[in-house]
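Okay, so here's the structure we're looking at.
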Amino acid sequence: MANRTRTKTKTRRVKARAVKPAKSKARPARAARTRPARSARTQPATRARTQSKPPAADGVRALARRIVETTLSNDDEGAFALYAGNVESIEPGQPPMRGIDAIRQKFAGWRTMVSSAQFETRRVCVDGNTIVIEWVGDCTLAATGKPVRLHEVAIHEVRDGKISRELFFYDPATFAQAAESAS
């Protein structure tokens, strides 16, 4: 009796296998009829996404472009126009500077410290009212003529279309090492 049970089970398995190919032939035709074309599904979503772009983000992006332009062209007066009157600027190892006059003094100090500076923008990121710019600069120290490569990240916070606060991140030892090696 045990042999009969096994034989019946084997027969059922064979019958099940024979039925599967017939089902799989019908599936592709059914799937093709029920699915819409991909481009037809995505078109309305694309339109909605571009229309919902907040207008304030465009202003912050435009300000980011102006920051890059004025820095690359060494246009100090153009840069001053980008700052709010009560701006706060923070450099590594120094107390915060406040006001547009402090920014003017900072720029003047930079111009006396380096005889030339050429910057390259690596990345610009705009998120809400914050602009983050990664810079690499090749500078020449005015006192020694020694070249310095400066890697810097600048974070600019924007309020009412102007830079209200900025923070700079770089290694201040880069300048100290260049000055010492020239001695």
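Nearest approach of Pro172 to Tyr170, heavy atoms of both residues: CD-O, 3.1 Å. When all heavy atoms of Val126 and Ala64 are compared, the closest pair comes out as CG2-CB, 4.0 Å. Nearest heavy atom pair, residue Ile90 against residue Pro96, reads CG1-CB, 3.9 Å. Heavy-atom minimum distance, Ala81 versus Lys162: O-NZ, 2.5 Å.
Between Glu77 and Arg104, at least one side-chain N (NZ, or NE/NH1/NH2) sits under 4.0 Å from a carboxylate O, which counts as a salt bridge.
Surrounding CZ of Arg111 are more than 12 heavy atoms belonging to other residues, nucleotides or ligands, all under 6.0 Å away. For Gln118, the CD atom counts as loosely surrounded, since its 6.0 Å shell holds 12 or fewer non-hydrogen atoms of other residues, nucleotides or ligands.
The shortest side-chain heavy-atom distance between Trp135 and Thr121 falls under the 4.5 Å cut-off. Contact of the Ile163 side chain with the Ile67 side chain is registered, since non-hydrogen atoms from C-beta on lie closer than 4.5 Å. At least one side-chain heavy atom of Phe119 sits less than 4.5 Å from a side-chain heavy atom of Leu150. Using a 4.5 Å heavy-atom cutoff, the side chains of Met97 and Glu91 are in contact. Between Ile155 and Arg165, the closest side-chain pair of non-hydrogen atoms is not below 4.5 Å.
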Next item on the list: Give the C-alpha distance, both sets of side-chain angles, the deciding distance and a yes or no for side-chain contact (heavy atoms from CB on, under 4.5 Å) between Leu167 and Glu157.
Entry: CA-CA 9 Å; Leu167 298 95; Glu157 295 176 10; 4.2 Å; yes
Check: Given His156 and Leu82, is the side-chain contact (heavy atoms from CB on, under 4.5 Å) satisfied, shown in steps?
Finding: CA-CA 11 Å; His156 305 277; Leu82 306 178; over 6 Å; no
Notebook entry, point to check: Can you check side chain to side chain donor-acceptor pair (under 3.5 Å) on Ser115 and Thr140, steps first, answer last?
Noted result: CA-CA 6 Å; Ser115 58; Thr140 304; 4.6 Å; no
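Relative orientation of the Phe175 and Trp110 rings is perpendicular, given thresholds of 30° and 60° on the angle between their planes.
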